[in-house]
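Working notes for the structure below.
Just so we're on the same page: letters track the sequence lines, and every chain starts at 1. In this text the structure is predicted, and so the values were computed from the model without any measurement.
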Number of protein chains: 2
Amino acid sequence: MTNEISFFQNPDGTREEILEATFYALRQHGYADLTISKIGDEFGKSQSLIYHHYDDKDELLVDLLDYMLEQVENQVPLPNQSPEEYIEIIVDEIFGTSSNSDVEFSQAVIELRAQAAHDDDYNRLFRRSDDFIRKQIARVIQSGVDAGAFDVEDPSQTAALFHTVLVGIQAERITSDEETIDDVRTEFRRYVEKCLLSE
Amino acid sequence: MTNEISFFQNPDGTREEILEATFYALRQHGYADLTISKIGDEFGKSQSLIYHHYDDKDELLVDLLDYMLEQVENQVPLPNQSPEEYIEIIVDEIFGTSSNSDVEFSQAVIELRAQAAHDDDYNRLFRRSDDFIRKQIARVIQSGVDAGAFDVEDPSQTAALFHTVLVGIQAERITSDEETIDDVRTEFRRYVEKCLLSE
DNA sequence: TACTGTTGACTAAACATTCAATATACTTAA
DNA sequence: TTAAGTATATTGAATGTTTAGTCAACAGTA
């Protein structure tokens, strides 16, 4: 059982080291209790060094979100395989491996998403990332429709529901047990079969 | 266009007045920037008065969450009507009226849900509330199945997906435009028709 | 009188941020 | 190859502000 987050392995610069430390501190203490001092502790260096790389706390946190959403976008698989296989992969990614690190990453993302209600920078970054993911899914569904494999009303609408379920699962994982998540997975698979796949 | 939240109209005691003020302060400043002083400002009285009613900030916030989730649970309609009508109502509630106050209430709930990752009290309250809602929906679906109106694999699974979409929409509302929410609504209605209603 | 509501001033801790000082690494000229 | 010089990394201490929480006092009311 590893405790490491794959996105942050081998940080190649001080900036990435600080982002890594910020992520771990966020995970551990939550956004509301996140202080430069705690980030410094996780960083292993003094907190004044952080100000050598970032003007202030805000700039650092916006950079962290940017960095994390970049990882999220990179995790969306490329459309190399058939639409059917692609949907299979997407569904697996939505419901995740239930590994500790995945869950903790999702929780951090949701916590930052909540901040978007009061911070324009966060709002902008999430809009961009959400749009990207929705469009990517919609494109794959469209190609499945073109190939006759899928039968939907509008690929954008189907992709929108996929994304809502993705976000919903992220938020629910905070409190729900694995059993409930499994129920959602089963029902969502039923939806994919009856509402997406052609007969 | 009113700015009032129906849940908080006519607070009948000081405790409710403080909870109301706390909610407005949370809405306005966000959880991370929520201070007793700001709550006092919204309250219209001095902040030391708050300590006359609550031991500390934590107790107040847990009480707020308890209060809010009570409202959420009360908003779930009673199964007075037919299962078909009930599902119609539930879907409308999930996707909301897009009124300002509803959106702001949802945002506050999601922000508090994010805290459940680091606070056991929050976690417990959300578990209770989520379970309650899921079971209520599952019960209605079961009665629809019994009446021959619905055809599902397992009412609990269907209810679980309903709840995930509910939470997902709450979280997405923070950043998404109404157009995207409409897409989700349309697709979810398609799901209800093809996966829930009998032919 | 006793109880509740209410206040403003107070305290101690935590916090973001600054700064002067030191160390380390990197560059270049003799 | 060395010495000097410059940029960058790093620190601990200091600062001013914000914050949660306390408290003694005052007002109204039953």
Side-chain angles (χ1 to χ4, degrees), chain A residues 8 10-67 108 111-112 114-115 118-122, chain B residues 8 10-67 108 111-112 114-122:
Chain A
F8 290 122
N10 283 34
D12 66 337
T14 313
R15 201 192 84 121
E16 247 117 0
E17 270 181 58
I18 294 176
L19 290 178
E20 180 189 357
T22 307
F23 172 76
Y24 283 110
L26 173 63
R27 238 184 44 170
Q28 201 168 351
H29 305 283
Y31 186 89
D33 291 329
L34 188 60
T35 69
I36 298 284
S37 167
K38 282 167 185 164
I39 296 169
D41 288 349
E42 207 72 44
F43 184 28
K45 308 272 175 71
S46 83
Q47 62 245 43
S48 27
L49 184 54
I50 294 166
Y51 285 95
H52 203 263
H53 293 269
Y54 289 96
D55 276 354
D56 53 27
K57 198 183 165 191
D58 269 359
E59 196 194 295
L60 168 58
L61 291 183
V62 170
D63 201 32
L64 173 68
L65 177 58
D66 194 42
Y67 192 74
E111 194 155 359
L112 294 175
Q115 310 305 320
H118 313 96
D119 188 309
D120 286 344
D121 288 322
Y122 286 33
Chain B
F8 289 122
N10 283 32
D12 66 338
T14 313
R15 201 193 84 122
E16 248 118 358
E17 271 182 58
I18 294 175
L19 289 177
E20 180 188 358
T22 308
F23 171 76
Y24 283 111
L26 173 63
R27 237 183 46 170
Q28 200 167 351
H29 306 283
Y31 186 90
D33 291 330
L34 188 60
T35 70
I36 298 284
S37 168
K38 282 167 185 165
I39 295 169
D41 287 350
E42 208 72 44
F43 184 28
K45 309 271 175 72
S46 84
Q47 61 246 42
S48 28
L49 184 54
I50 294 165
Y51 286 97
H52 202 262
H53 293 268
Y54 289 96
D55 277 354
D56 52 28
K57 198 184 166 189
D58 269 359
E59 196 193 295
L60 168 57
L61 292 182
V62 170
D63 200 33
L64 174 69
L65 178 58
D66 194 41
Y67 191 74
E111 195 155 355
L112 294 175
Q115 310 306 319
H118 313 96
D119 188 309
D120 286 344
D121 288 322
Y122 285 34

* How about B/Gln115 and A/Glu111: do any of their side-chain heavy atoms sit closer than 4.5 Å? -> yes
* **B/Ser46 side chain to B/Ser48 side chain, donor-acceptor N/O pair below 3.5 angstrom** => yes
* Asked: For A/Glu16 and A/Tyr67, does a side-chain donor sit closer than 3.5 Å to a side-chain acceptor?
  -> yes
* Heavy-atom closest pair, residues A/Ile36 and A/Lys57 -> CD1-CG, 3.7 Å
* So which heavy atom on B/Ile18 is nearest to which on B/Ile39, and how close? -> O-CG2, 4.5 Å
* To do: For B/Ser46, report the nucleic acid contact type (base, sugar-phosphate, nothing); a contact means any heavy atom under 4.0 Å.
  => base
* Asked: B/Leu34 near the nucleic acid: base, sugar-phosphate alone, or nothing, with a heavy-atom cut-off under 4.0 Å?
  -> sugar-phosphate
* Asked: How would you give the extent of chain B contacts on DNA chain D, as first and last nucleotide 5' to 3' within a 4.0 Å heavy-atom cut-off?
  -> D/dT19 to D/dC23
* To do: Could you tell me whether a side-chain N or O of B/His118 sits under 3.5 Å from a main-chain N or O of A/Arg27, the two making a donor and an acceptor?
  => yes
* Asked: About how many Å separate OH of B/Tyr54 and CG of B/Asp63, when rounded to the nearest 0.5 Å?
  -> 3.5 Å
* Asked: Between C/dG5 atom C1' and B/Ile50 atom CD1, what is the distance in whole Å?
  -> 14 Å
* Among B/Asp119, B/Leu26, B/Leu61, the one residue meeting side-chain contact (heavy atoms from CB on, under 4.5 Å) with B/Leu112 -> B/Leu26
Under 3.5 Å between N/O atoms: give me all the protein pairs with nucleotides 17-24 of chain C, atom names plus distance.
| residue | atom | partner | partner atom | Å |
| --- | --- | --- | --- | --- |
| C/dT17 | OP2 | A/Tyr51 | OH | 2.9 |
| C/dT17 | OP2 | A/Lys57 | N | 3.0 |

* Structure fact -> Ranking B/Phe43 and A/Thr35 by the position along DNA chain C of their nearest nucleotide, the one closer to 5' is B/Phe43
